[in-house]
Amino acid sequence: MARAARDVAKEVKRLRAEIQAHNARYYVLDAPTIADAEYDALFRRLQALEEAHPAHRTADSPTQRVGAKPLEKFGTVRHRHPMLSLANVTTPEEMAEFDARARKFLGLARIEYVGEPKVDGVAVELVYERGRLTAASTRGDGTTGEDITQNVRTIRSVPLRLQDGGRVPKLLEVRGEVFLPIAAFRRLNREREEAGQAPFANPRNAAAGSLKQLDPGVTAARPLDLVCHGAGEVVGLEAKTHWDMLQAFARLGLKPVPKSRVLEKLEEVTLFFAALDGERDRLPYEVDGLVVKVNDFGLQRRLGEISRSPRWAVAYKFKPRQAVTRIERIVASVGRTGVLTPVAELEPVPVGGVTVRNASLHNMDEIARKDIRIGDHVLLERAGDVIPYVVKVLEEKRTGAEKRFRMPKHCPVCGAEVVRAEGEVAYRCVGLSCPAQLKQSVRFFAARGAMDVEGLGEKLVDQLVEQGLVKDLADLYRLEEEPLVALERMGKKSAANLTAQLERSKQTTLPRFLIALGIRQVGEATAKALAEHFGTLERTMNASEEELQEVRDVGPEVAASIRRFFAERQNRKVIQRLLDAGVKPAAVTRPKGPLVGKKFVLTGGLDSMTRPEAQRRIEALGGRLVASVSKETDYVVAGAEPGSKLAKAEKLGVAVLDEKKFLRLLGG
Ligand code: IVH
């Protein structure tokens with residue numbers, strides 16, 4: 001091997017080992033030793049090296065977690081040893097019986113156990129051959145599961161290679177629980193509600209749904225985690241007890257179930273169970289009980305199993321946090337993005353030690369699916385510190401006096417119109433100065449690409465709104481330095497900077513102003529198209545739905561959304577106030593030039609200019625660059641090594657220009 005190649009190989013190997021060690025410290029031990037930025041730098045260096053030297057790229061490199069192609073369907077995997085399930089006990093008496101039975105069978109006065117929190121997730125099996133992760137599967141029916149290798153590879157706490165520090169076993173089938181932390185679960189559901197998708201009922205369903213994605217890119221975007229609690233086939237790992245095995249897992253870089261411990265006898269089991277139950281609400285993930293396992297492997301073997309459950313382990317379950325209560329009212333609560341969420345007001349009821357008064361019903365589809373009505377008796381469940389949710393309606397308790405809920409036509413906070421966009425589950429308030437959404441509207445208004453007011457960050461916006469200094473967008477332009485200086489983390493200088501920035505922002509363009517208003521479905525491209533079509537703000541505001549649909553890329557839905565926004569009196573008032581304050585959205589002159597209305601597609605590289613440059617030059621002459629070839633395309637410009645777009649152009653009979661002809665068209 002040449003010297004240079006040898007150096008690359010060495011560097012790649014060194015970087016990988018270093019990154020793997022940092023991964024383990026961060027995701028498994030929760031004790032990072034470098035800053036995120038330093039880690040990112042290492043990661044990028046490895047990425048760059050692998051890109052420049054693809055021969056050195058291997059599947060177990062930390063850079064290769066994501067990026068696998070979506071599957072058509074999952075394959076199946078047969079587990080070498082069946083994945084058993086656990087018998088449940090729910091009372092101290094039942095737990096004592098389990099212990100007495102096992103002691104009697106073994107003829108022992110006392111049994112040592114390991115207690116592990118029962119993390120509520122999805123059981124998986126990971127196969128490591130000579131330290132490399134080669135397969136991962138779901139439990140399935142215990143005998144065969146689904147092949148979810150691609151998805152499991154995206155989980156940060158799953159080592160793609162076991163750590164070399166200790167000896168790596170020849171074969172290790174490790175079993176554990178994939179779960180979604182509660183905070184991530186809530187975030188995910190919020191995003192789903194805002195996108196009009198059905199929320200997940202609990203973190204376990206969310207984890208299962210995330211693992212069953214055919215596209216690993218979707219799984220990668222969910223912060224799943226893995227904790228390990230057992231093994232299938234093992235070759236080359238010495239352990240006489242379950243506890244020893246957990247310690248070996250940790251040395252290999254696998255995370256054992258946190259808070260597990262050795263319990264010397266039944267009394268300690270009882271104490272630990274109570275302590276864990278007390279801590280349950282403060283844990284960052286869902287735990288529904290304590291798994292109690294006989295520690296000694298020899299004793300485990302002697303106890304064996306019956307009907308798919310081991311006789312050496314049991315799940316000691318916490319009380320379910322469920323209760324029955326009645327829905328007194330259903331109200332619409334307006335979120336920070338303007339989405340109206342139906343919330344059930346309940347007859348107060350204790351659920352797992354907390355009095356519950358409200359439950360989110362998520363959206364109208366969810367209400368319809370569960371057929372929830374005002375006055376219904378419902379079964380509630382509370383998961384961790386998660387807002388309680390309605391499991392089901394107790395139909396047998398209906399009296400006939402129950403009423404269906406209708407979404408209000410006007411926002412309960414500001415009175416603006418409430419609309420449901422076509423194809424969306426969510427209902428939204430269109431009020432630009434709706435107090436429920438004001439912080440978000442202000443942030444959006446000031447963002448880069450919109451009014452571009454530097455220094456108007458999230459914290460400051462919160463303060464301005466909370467202290468009543470900004471009640472609608474136009475108030476921003478009435479801010480004076482003095483009250484600003486009184487705000488947290490605001491000096492004289494930054495207050496002066498902010499007012500100067502605001503002053504500067506008044507000179508804006510029509511597209512930017514349209515973006516800043518935060519009209520649903522109006523992004524950069526649409527704003528630009530609207531501005532070019534109508535020229536002035538006034539004409540845009542007064543355009544009818546039909547006129548709006550004449551604008552390129554504006555379909556009936558977008559047209560309706562724009563029309564509704566400008567029809568709202570509250571919004572017209574705020575816009576007028578903005579104009580009165582001196583905001584000047586400069587009218588746009590329609591593009592002129594020989595290429596007006598012409599659509600271009602670029603494929604392959606050009607020698608004489610970069611892609612953005614080509615776009616600029618096309619646009620300067622009135623043309624447009626679009627992404628894909630269709631019958632509407634006027635020209636396909638084919639540079640060096642053109643892609644499939646060229647073939648498509650030829651098939652559709654679209655004119656194809658080589659670089660020389662393209663340059664001639666641009667005028668040299
Ligand atoms: S041991 C033979 N340990 O509970 C032992 N299971 O009903 C089988 N679970 O499918 C499992 N935490 O998904 C074990 N610390 C833990 C666990 C645990 C959660 C789940 C697992 C299993 C189910 C058993």
Side-chain angles (χ1 to χ4, degrees), residues 77 79-90 94-95 98 102 113-126 136-146 148 152 155 157 173-181 202-208 210-212 224-234 239 241-243 245-247 249-250 254-263 269 272-273 276-277 279-280 283-297 299-318 320 383-384:
V77 175
H79 302 300
R80 251 173 278 216
H81 298 271
M83 288 179 79
L84 304 177
S85 62
L86 293 170
N88 291 337
V89 295
T90 54
E94 287 175 357
M95 185 62 228
F98 172 86
Y113 296 103
V114 170
E116 294 167 353
K118 188 165 188 298
V119 175
D120 202 9
V122 180
V124 294
E125 177 171 82
L126 275 52
S137 53
T138 59
R139 174 173 180 275
D141 62 6
T143 311
T144 28
E146 281 177 319
I148 50 163
V152 167
I155 302 173
S157 52
E173 293 181 344
V174 64
R175 290 165 180 190
E177 214 66 14
V178 169
F179 66 97
L180 194 66
N202 53 45
R204 181 173 16 92
N205 288 3
S210 305
L211 273 183
K212 296 227 163 135
L224 294 167
D225 204 341
L226 170 82
V227 289
C228 303
H229 53 56
E233 178 80 8
V234 180
T241 64
H242 184 72
W243 185 253
M245 186 177 68
L246 295 182
Q247 304 311 303
F249 285 173
L254 294 159
K255 177 159 60 175
V257 180
K259 297 189 183 289
S260 300
R261 56 156 105 162
V262 174
L263 304 166
V269 171
F272 187 44
F273 178 81
L276 194 64
D277 198 6
E279 213 184 333
R280 186 180 178 195
L283 295 175
Y285 41 81
E286 244 328 82
V287 169
D288 61 354
L290 179 67
V291 180
V292 181
K293 298 175 179 172
V294 172
N295 192 16
D296 187 276
F297 282 152
L299 297 182
Q300 284 190 5
R301 261 191 301 278
R302 277 172 59 195
L303 283 161
E305 64 199 51
I306 32 160
S307 66
R308 314 250 90 201
S309 309
R311 259 191 305 215
W312 48 265
V314 74
Y316 189 178
K317 302 266 284 210
F318 295 139

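Start at 1 and go down the list; that is how both ligands and their atoms are numbered.
In this structure, atom 5 (C) of ligand 1 lies nearest to the protein heavy atom Leu86 CD2, 3.9 Å. The nearest heavy-atom contact from the protein to atom 19 (C) of ligand 1 is Val119 O, 3.4 Å. For atom 18 (C) of ligand 1, the closest non-hydrogen atom of the protein is His229 NE2, 3.4 Å. Closest protein heavy atom to atom 22 (C) of ligand 1: Ala123 CB, 4.5 Å. Scanning the protein for heavy atoms near atom 23 (C) of ligand 1, the closest one is Lys118 NZ, 4.1 Å. In this structure, atom 3 (N) of ligand 1 lies nearest to the protein heavy atom Lys293 NZ, 3.0 Å. Here the protein heavy atom with the shortest distance to atom 21 (C) of ligand 1 is Glu177 OE1, 3.2 Å.
Of all non-hydrogen atoms in Ile148 and Leu211, the two that sit nearest each other are CG2-O, 3.8 Å. Minimum heavy-atom separation, Arg308 to Asp141: NH1-O, 4.2 Å.
With hydrogens and angles ignored, the 3.5 Å screen pairs a side-chain donor or acceptor of Thr138 with a backbone N or O of Glu146. Looking only at distances, no side-chain donor or acceptor of Glu116 sits under 3.5 Å from a matching main-chain atom of Ser260. Distance alone, capped at 3.5 Å, is enough to place a donor-acceptor pair between the His79 side chain and the Arg139 backbone.
Residue contact check for ligand 1: Ala313 places no non-hydrogen atom closer than 4.0 Å to it. In this structure, Met83 does not count as a contact residue of ligand 1, since none of its heavy atoms falls inside 4.0 Å of the ligand. Under a 4.0 angstrom heavy-atom cut-off, Pro117 registers as being in contact with ligand 1.
For ligand 1, the atoms lying closer than 4.0 Å to a non-hydrogen atom of Glu116 are 3 (N), 15 (N), 16 (C). For ligand 1, the atoms sitting less than 4.0 Å from at least one non-hydrogen atom of Leu84 are 2 (C), 8 (C), numbered in the order shown with element in parentheses. Atom numbering of ligand 1 starts at 1 in the shown order; those under 4.0 Å from a heavy atom of Pro310 are 2 (C).
For Glu177, the side-chain hydrogen bond (donor to acceptor under 3.5 Å, both in side chains) partners are His229, not counting sequence neighbours.
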Take Thr241 and Lys293, measure what side chain to side chain contact (heavy atoms under 4.5 Å, CB included) needs, and give me the verdict at the end. CA-CA 10 Å; Thr241 64; Lys293 298 175 179 172; over 6 Å; no
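Using a cut-off of 4.0 Å between Lys/Arg side-chain N and Asp/Glu carboxylate O, Lys255 and Asp225 are scored as salt-bridged.
Between Arg80 and the choices Glu125, Glu173, Glu233, the salt bridge (Lys or Arg N to Asp or Glu O under 4.0 Å) rule is met once, by Glu173.
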